[in-house]
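Comments concern the structure below.
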Amino acid sequence: MSIKCAFLFPGQGSQAVGMGQDFFNNSDVAKQMVADASARTGIDFEKLLFTQNDDLEKTEFTQPAILLVSAIAYKLFEDEMPIKPVYALGHSLGEFSALVSVGALDAIDAVELVNLRGKLMAEACAGQDVGMLVSLGLDDKTVEDICAAQREAGMKVWPVNYNAEGQIVIAGIKPDLEKLEPILKEAKARRAMLLNMSVASHCPLLESAVAPLAEKLTEVLKDEFIAPVISNVTAKGYSSKAEALDLLPKQLVSPVLYKQSIADFDDSVDCYVEFGHGGVLKGLNRRATKKPHFVVSDMASLEAAISAIKEL
């Protein structure tokens with residue numbers, strides 16, 4: 001099949017109780033993956049995913065839950081439509097799901113890996129009042145200049161997620177972020193709002209997590225890429241274990257260049273397929289691309305995506 005697809009994978013913030021349940025109820029493959037992930041990590045994923053609980057909002061549980069649902073969605077798609085992507089791209093945590101889709105990580109190894117990543121991030125932020133804030137309606141340079149000026153004044157705030165035109169997430173110490181809100185609004189931000197996050201992702205506050213994550217990556221990454229993965233750190237493709245070992249630990253303390261990645265590679269694809277709950281990346285891509293974007297989040301959307309792609 002000559003269709004050129006990009007495979008996309010969401011990150012933290014896409015989680016919701018009940019995600020993946022339709023796959024689980026209707027697929028033995030999904031049931032087995034949930035059982036295998038639970039056995040490997042000691043996390044009861046049936047309970048975590050399908051019953052009301054507070055753990056799903058804790059990063060050490062959020063990350064493996066999102067990755068597992070994305071991996072199931074991808075596996076069920078691949079079983080029916082084994083096409084090689086032009087590239088795979090994930091948002092933050094989603095980069096690890098992308099690595100699963102190109103064969104560089106085993107799905108259950110990846111669940112265990114991002115469970116550790118979540119724990120390391122939580123430990124790095126422990127004892128600090130950290131958070132994240134979204135700024136809407138300002139260009140990149142304005143936000144970068146405001147954050148740089150505040151850091152010079154002793155505040156700890158960094159632009160960390162370049163999500164879409166006019167949408168940037170800032171991470172740092174929560175009282176500093178709170179002081180930033182009126183400054184951003186004065187600069188004509190349409191919105192400046194604290195997010196419900198217990199960690200400060202992709203900034204220097206996570207430095208202590210870099211070395212232990214790198215050690216685990218050495219153990220589980222495979223040098224078997226069927227297609228390149230676009231790095232959040234560089235917005236460029238990589239397709240070897242050596243490059244992944246260099247880039248993925250840096251990803252913890254570097255901004256996510258999601259918007260730049262879509263812009264740079266949009267011309268090389270015919271469509272986007274997003275695997276996982278919520279369609280968050282479809283929302284981010286709305287203004288960035290006119291290409292068709294399919295979300296695989298349950299059995300009905302899986303079948304719809306496959307039918308639509310066959311017709312392209």
Side-chain angles (χ1 to χ4, degrees), residues 5-27 30 33-34 37 45-46 48-77 88-98 100-101 107 110-111 114 117-118 132 134 136 160-164 167-169 191 193 195-199 201-202 232 256 258-259 261-262 271-289 291-306 308:
C5 292
F7 291 169
L8 303 182
F9 298 88
Q12 236 168 290
S14 63
Q15 71 273 9
V17 170
M19 65 180 184
Q21 182 139 31
D22 190 51
F23 290 140
F24 183 83
N25 291 347
N26 292 288
S27 161
M33 288 177 75
V34 168
F45 278 102
E46 272 189 71
L48 180 67
L49 290 168
F50 310 141
T51 63
Q52 210 56 51
N53 66 86
D54 295 327
D55 282 347
L56 192 58
E57 297 304 320
K58 295 174 187 165
T59 192
E60 69 187 84
F61 298 111
T62 314
Q63 295 195 32
I66 290 169
L67 187 140
L68 178 57
V69 172
S70 285
I72 289 168
Y74 172 70
K75 174 69 176 147
L76 297 180
F77 176 88
L89 169 64
H91 188 290
S92 184
L93 157 75
E95 190 168 340
F96 295 84
S97 308
V100 173
S101 76
V111 170
V114 301
R117 182 177 181 263
M132 299 180 79
V134 64
L136 298 178
V160 295
N161 291 351
Y162 292 83
N163 288 340
Q167 186 186 131
I168 300 183
V169 176
R191 265 181 108 177
M193 182 179 69
L195 299 170
N196 180 24
M197 295 287 283
S198 57
V199 292
S201 303
H202 304 291
N232 284 179
V256 171
Y258 180 80
K259 174 185 78 170
S261 300
I262 293 294
C271 70
Y272 295 90
V273 189
E274 178 178 351
F275 298 94
H277 178 76
V280 173
L281 302 180
K282 185 175 186 176
L284 294 185
N285 285 5
R286 198 165 281 129
R287 284 187 298 159
T289 176
K291 306 281 171 69
H293 186 124
F294 310 105
V295 180
V296 177
S297 58
D298 56 18
M299 296 306 280
S301 59
L302 169 67
E303 294 309 325
I306 288 169

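All figures in this text were calculated on a predicted structure; none of them were measured in a lab. Heads up: numbering here begins at 1 and tracks the sequence.
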Of all heavy-atom pairs linking Gly276 and Val69, the shortest is CA-CG1, 4.5 Å
Look up atom CG in Asn161 and atom CG in Leu284, then write down how far apart they are to the nearest 0.5 Å.
9.5 Å
Can you list everything that forms a salt bridge (Lys or Arg N to Asp or Glu O under 4.0 Å) with Asp55? Sequence neighbours excluded, please.
Lys58
Report the distance from atom NE2 of His91 to atom CZ of Phe9, rounding to the nearest 0.5 Å.
15.0 Å
Tell me, do Val273 and Leu8 make a side-chain contact under 4.5 Å, heavy atoms counted?
no
Contacts of Glu60 meeting side chain to side chain donor-acceptor pair (under 3.5 Å) (sequence neighbours excluded), chain-then-number -> none
Apply side chain to side chain contact (heavy atoms under 4.5 Å, CB included) to residues Asn196 and Glu57 and explain how you reach the verdict.
CA-CA 9 Å; Asn196 180 24; Glu57 297 304 320; 4.1 Å; yes
Counterpart residues, side-chain contact (heavy atoms from CB on, under 4.5 Å), relative to Asp298 (two or more places apart)
Asp22, Ala300, Ser301
Contact between Leu49 and Val17 at the side-chain level, heavy atoms closer than 4.5 Å - yes or no?
no
Pairing residues for Asn25 by the side chain to side chain donor-acceptor pair (under 3.5 Å) criterion, not counting sequence neighbours
none
Answer yes or no: is there a side-chain heavy-atom contact under 4.5 Å between Tyr272 and Lys291?
yes
As a quick check of understanding, evaluate side chain to side chain contact (heavy atoms under 4.5 Å, CB included) for Asn163 and Val169, giving each step before the final call.
CA-CA 8 Å; Asn163 288 340; Val169 176; 3.6 Å; yes
Can you list everything that forms a ring-ring contact (aromatic ring centres under 6.0 Å, His included) with Phe24? Sequence neighbours excluded, please.
Phe50
Can you name the side-chain contact (heavy atoms from CB on, under 4.5 Å) partners of Ser198, sequence neighbours left out?
none
Quick one: pull up OG in Ser297 and NZ in Lys282 and give me the separation to the nearest 0.5 Å.
10.0 Å
Would a distance-only check, ignoring hydrogens and angles, find a side-chain to backbone donor-acceptor pair under 3.5 Å from Ser101 to Ala98?
yes
Measure the CD1-OG distance between Ile72 and Ser97 for me, rounded to the nearest 0.5 Å.
11.5 Å
Donor-acceptor under 3.5 Å (Asn285 side chain, Gly283 main chain)
no
Just jot down the salt bridge (Lys or Arg N to Asp or Glu O under 4.0 Å) partners of Lys75, sequence neighbours excluded, or say none.
Asp79
CG on Leu93 to OG1 on Thr62, rounded to 0.5 Å
9.0 Å
Nearest heavy atoms of Ile66 and Gly13, plus distance in Å:
CD1-N, 4.3 Å
Between Val114 and Phe96, is any pair of side-chain heavy atoms under 4.5 Å apart?
yes
In chain order, what residues pass the side chain to side chain donor-acceptor pair (under 3.5 Å) check against Thr59, with sequence neighbours excluded?
Gln12, Gln63
By side chain to side chain donor-acceptor pair (under 3.5 Å), which residues pair with His277, not counting sequence neighbours?
none
Quick one: does Gln167's side chain get under 4.5 Å of Val134's, heavy atoms only?
yes
Quick one: list whatever passes ring-ring contact (aromatic ring centres under 6.0 Å, His included) with His202, sequence neighbours left out.
none
Below 4.5 Å, heavy atoms only, C-beta onward: do Leu89 and Asn232 meet side chain to side chain?
yes
Those residues that, when tested against Phe7, pass ring-ring contact (aromatic ring centres under 6.0 Å, His included) (two or more places apart):
Tyr74, Phe77, Phe275
Which pair of heavy atoms, one from Leu48 and one from Ala65, lies closest together, and at what distance?
CD2-CB, 3.9 Å
Rounded to the nearest 0.5 Å, what's the gap from CG on Leu56 to CD on Gln15? Could you check?
5.5 Å
Among all residues two or more places apart in sequence or in another chain, which pass the side-chain contact (heavy atoms from CB on, under 4.5 Å) test with Ser27?
Val29, Ala30, Leu76
Is there side-chain contact between Val34 and Leu68, with heavy atoms separated by less than 4.5 Å?
yes
